[in-house]
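In this chain, residues are counted from 1 in sequence order. When reading the values below, keep in mind they use all heavy atoms of this one structure, side chains included, and skip hydrogens, waters and symmetry mates. Remember, it's 1-based here, ligands and their atoms both numbered in the order they're listed.
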Amino acid sequence: MRKKKIIALLLLLVTALVPACAPKAIDYEQVSPNDKIVIRFSHVVGEDTPKGQAARLFAKLMKERTNGKVEVQVFSNGSLYKDSEEMDALSEGHVQMIAPALSKLSSLVPELGVFDLPYLYPNLDGYHKVFDGNVGKVMSNSLAKQNMVSLGFWDSGFKQFTSNVRPIQNPLDLAGTTIRIMPSAVLDDQFNLMQVKPVEMNFNDVYLALAQGRIHGQENTVSNIYTKRFYKVQKYMTISDHGYLGYIVIIDKRFWNQLPANFQKIMIETMNEVTEWERNQAVKIEQDKLNAIYNCSCIEIERLSVQEKAKWKQFYQPLYQKMEQRLGRAFFEELGL
Ligand code: LMR
């Protein structure tokens with residue numbers, strides 16, 4: 001009888017202790033909507049791209065690290081706003097975060113146009129060094145004057161050419177064709193120099209324009225060419241690595257200023273972590289998607305050699321001269337040029 005009593009007592013003790021020791025289940029739904037800060041993050045690319053994956057990871061980590069108090073809602077594929085609408089959506093408060101290509105910000109901050117110069121740096125580290133240094137700060141300050149707080153510089157990678165007219169081995173091989181570009185004075189000049197007709201177009205309109213033959217080709221990174229199926233409606237692709245495509249992750253400044261300091265801190269730390277992850281992931285995704293494109297055997301693929309790339313870079317020198325005249329020698333020196 002005494003033994004039974006002791007066992008019952010022990011059982012009671014264990015039941016009382018277990019909930020205290022067990023890891024607490026986080027019930028995010030229990031955060032009252034009034035306490036929740038919702039951040040709408042809009043971008044135009046697919047989910048399975050460096051930007052798409054990193055945006056989701058950022059949302060997940062923010063939720064975990066704020067116990068569900070900050071909810072980042074990610075809208076991919078331009079499902080909320082097209083590239084040409086994103087900036088207005090941000091300034092009008094319809095979304096709070098965007099991550100546009102640097103090219104698309106170059107009309108607001110002309111210095112950003114320099115990163116559209118073909119073959120600016122031979123590898124991604126060259127770009128990262130500049131973004132993470134003084135030049136990056138100067139760019140961020142310029143954006144801050146326009147109510148945008150820069151949280152990080154993300155990569156998509158190097159751009160490649162595709163066309164349905166002919167293989168591309170030399171800078172004038174695309175002459176006479178029509179090519180989609182992002183809005184950027186440097187990209188416009190780049191294609192004019194190649195005797196190509198550049199047409200500005202929203203990213204999510206490109207597939208149909210290629211499929212219908214309204215444009216002959218485009219330039220983009222492998223992850224975008226793959227996830228948007230451009231390679232399915234193009235005959236030729238050249239791995240030229242001729243231009244850089246990267247993003248600035250931006251949050252609306254007025255919204256940012258209203259965030260409690262502890263959430264700002266978590267956000268900055270999380271973004272730094274995600275940025276490092278994103279840059280590594282971009283390289284992996286590119287390799288992955290390039291293999292998938294090779295494996296489909298549905299597009300003819302050329303690759304420029306180091307010597308050929310040097311020849312192309314020489315061809316593009318007038319763009320460098322024009323940009324240097326515009327932005328000044330001192331800025332070019334800061335870029336190590
Ligand atoms: C494009 O418009 O081609 C790219 O900027 C899309 C993107 O965000 O990568």
Are any of the side-chain heavy atoms of Arg40 and Val72 separated by less than 4.5 Å?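 No, every pair of side-chain atoms sits at 4.5 Å or beyond.
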Considering only heavy atoms from C-beta outward, does the side chain of Lys69 approach that of Phe263 to under 4.5 Å? yes
Looking at [atom], what's its closest protein heavy atom, distance included?
atom	result
atom 5 (O) of ligand 1	Lys104 NZ, 2.9 Å
atom 9 (O) of ligand 1	Tyr247 OH, 2.5 Å
atom 8 (O) of ligand 1	Lys51 NZ, 2.7 Å

Atom indices of ligand 1, in the order listed, that fall short of 4.0 Å to a heavy atom of [X]:
X	result
Met182	1 (C), 2 (O), 3 (O), 4 (C), 5 (O)
Val45	6 (C), 7 (C), 8 (O), 9 (O)
Ala101	5 (O)

Hey, are Ser84 and Asn202 close enough side-chain-wise for a donor-acceptor pair under 3.5 Å? yes
If only side-chain N and O atoms count, and only distance matters, is there a donor-acceptor pair under 3.5 Å linking Gln218 with Thr162? yes
Tell me which part of [X] gets within contact of ligand 1: side chain, backbone, both or neither, using heavy atoms under 4.0 Å.
X	result
Leu245	side chain
Asp83	side chain
Val44	side chain
Ser156	neither
Asn220	side chain
Gln218	neither
His43	neither

Less than 6.0 Å separating the ring centroids of Tyr231 and Tyr226?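 Between Tyr231 and Tyr226, the centre distance is under 6.0 Å.
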Output field: ring centroids Tyr244/Phe131 closer than 6.0 Å: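 For Tyr244 and Phe131, the ring centres are under 6.0 Å apart.
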Let's go through Gln53 and Glu47 carefully: what are the C-alpha distance in whole Å and the side-chain angles of both, what is the deciding distance for side-chain hydrogen bond (donor to acceptor under 3.5 Å, both in side chains) to 0.1 Å, and is it a yes or a no? CA-CA 6 Å; Gln53 291 190 4; Glu47 296 274 342; over 6 Å; no
CG-CD1 distance between Asp252 and Ile39, expressed to the nearest 0.5 angstrom: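 Reported value, rounded in 0.5 Å steps: 11.0 Å.
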Scan residues 121-133 for pairs that pass side chain to side chain donor-acceptor pair (under 3.5 Å), counting only residues two or more places apart or in two chains. His128-Asp155, Asp132-Arg279
